[in-house]
Amino acid sequence: MTSFVGSNSFFFHFCNWSTKVAVYDTSGMELGAAVSRGGKTLVPARLPQGSIAIVKIGEKSVKVAVK
């Protein structure tokens, strides 16, 4: 999986189709979600620089630092 954090969005590129991708803040509040199409997903979510996001892709979760 490759990812890119832009100003107000997260972009993910991976092989699985129709996978739900959700972005949460550290308190567990969902900030945005989308379903992958063609192995790519753009999730609109606003987080300030220096914060940590929890990204759930299907059944797996990862922490992402917003720089």
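Just so it is clear, the model here is predicted, and its values are computed rather than measured.
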In terms of heavy-atom contacts, V35 and T41 come closest through C-OG1, 4.2 Å

Of all heavy-atom pairs linking V66 and P48, the shortest is CG1-O, 3.7 Å

Output for pair (M29 CE, Y24 OH), nearest 0.5 Å, gives 12.0 Å

In short, K63 meets I54 closest at the heavy-atom pair CG-CD1, 3.6 Å

In this structure, CG of L31 is separated from CG of D25 (nearest 0.5 Å) by 5.0 Å

### Query
Checking S36 side chain against T19 main chain: does a donor-acceptor pair fall under 3.5 Å?
yes

In short, A53 meets L47 closest at the heavy-atom pair CB-CD1, 3.3 Å

* **Hphob cluster co-occupancy, V21 + V62, side-chain heavy atoms under 4.5 angstrom** => yes

Between V43 and G32 the two heavy atoms that sit nearest each other are CG1-C, 3.5 Å

Distance col, row K20:NZ vs K56:NZ, nearest 0.5 angstrom, shows 7.5 Å

